[in-house]
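Side chains are part of it too, since the values below use all heavy atoms of this structure and drop only hydrogens, waters and symmetry mates.
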Amino acid sequence: MILRARIPALGRGLLHLRRPLSSTTASTLPAATSSIPPSLAAAAPSGPSAISSTSTATPSPVQFSPVFIPPAEDPLLSLLTNIIMRDGKRHRAARLVTNTLTYLHSVTLAAPLPILREAVRLASPAVKVVTLRKSAKNVPSPWPLNERQSTKQALRWILAASEKRSDKSLTHRLAKEVIAVVRGDSDV
């Protein structure tokens, strides 16, 4: 019964937010500053000057702080993240990829993404060997790979070669293997 009494009050409060605020409705709305964290409440205007009688309660555009930069969506990085991911722990795999790119940048002092792209391009195969049955024989024959298949196989080979390295961290092993592939020192 208490729940039924609160639902109409909530609905009435939402209707007030859609209409222009007047001085009578502004006094009936609950204070929303109590749910705002103290760090953000200092920046928010308060008092009667904050609510104008002619303004509507439309949401202001979201302002992002310059510190937060969303990660760029790159198909190569998401493919590498998916290959590294184990047991659905995508955040951990994404963090490993980010740390690998950071270590690659610290070692080479160059942009890490073009280096990774070059390593994948050098390691990617053009064909794979498929066994086809012709009459009574099994005959191996080359089969062309599309770009995504060859990229995925190159990333698998680079990861497999990095597992053979002696460094303890996957990020260091993977970055060193990418550098070795670009230099031509790798078995991949």
Got a sec, which residues hit side-chain contact (heavy atoms from CB on, under 4.5 Å) with [X], two or more places apart in sequence or on another chain?
{"X": "D87", "result": "none"}
{"X": "R86", "result": "none"}
{"X": "V139", "result": "K134, K137"}

Could you go through residues 164-172 and list every donor-acceptor pair under 3.5 Å that involves a side-chain atom there, pairing it with any protein atom two or more places apart or in another chain?
| unit_1 | atom_1 | unit_2 | atom_2 | d |
| --- | --- | --- | --- | --- |
| R165 | NE | E177 | OE1 | 2.9 |
| R165 | NH2 | E177 | OE1 | 3.4 |
| D167 | OD2 | K176 | NZ | 2.9 |
| S169 | OG | T171 | N | 3.2 |
| S169 | OG | T171 | OG1 | 2.7 |

M85 and I83: same hydrophobic cluster, using ILVMFWY side-chain contacts below 4.5 Å? no
For W143, the other hydrophobic cluster members (4.5 Å side-chain criterion, sorted by chain and number) are V130, L132
Can you tell me how far apart OG1 (T151) and CG (L80) are? Round to the nearest 0.5 Å. 11.5 Å
Is any side-chain heavy atom of L96 closer than 4.5 Å to a side-chain heavy atom of L174? no
In chain order, what residues pass the side-chain hydrogen bond (donor to acceptor under 3.5 Å, both in side chains) check against R133, with sequence neighbours excluded? N138
Which pairs would a plain distance check flag for residues 110-125, meaning a side-chain donor or acceptor within less than 3.5 Å of a matching protein atom at least two apart in sequence or in another chain?
| unit_1 | atom_1 | unit_2 | atom_2 | d |
| --- | --- | --- | --- | --- |
| R117 | NH2 | D74 | OD1 | 2.6 |
| R117 | NH2 | D74 | OD2 | 3.3 |
| E118 | OE1 | R121 | NE | 3.4 |
| E118 | OE2 | R121 | NH2 | 2.6 |
| S124 | OG | V120 | O | 3.4 |
| S124 | OG | R121 | O | 3.1 |

Below 3.5 Å, can you tabulate the donor-acceptor pairs from side chains in residues 153-161 to any protein atom, sequence neighbours excluded?
| unit_1 | atom_1 | unit_2 | atom_2 | d |
| --- | --- | --- | --- | --- |
| Q153 | OE1 | R156 | NH1 | 3.4 |

For side-chain contact (heavy atoms from CB on, under 4.5 Å), just list the numbers for L104 and I179, CA-CA rounded to whole Å, side-chain angles, deciding distance to a tenth of an Å, and then say yes or no. CA-CA 8 Å; L104 194 60; I179 293 170; 3.5 Å; yes
P140 and V129: which non-hydrogen atoms are nearest, and at how many Å? CB-CG1, 3.8 Å
Would you mind listing every side chain to side chain donor-acceptor pair (under 3.5 Å) that reaches into residues 90-105, with sequence neighbours excluded? N82-R90
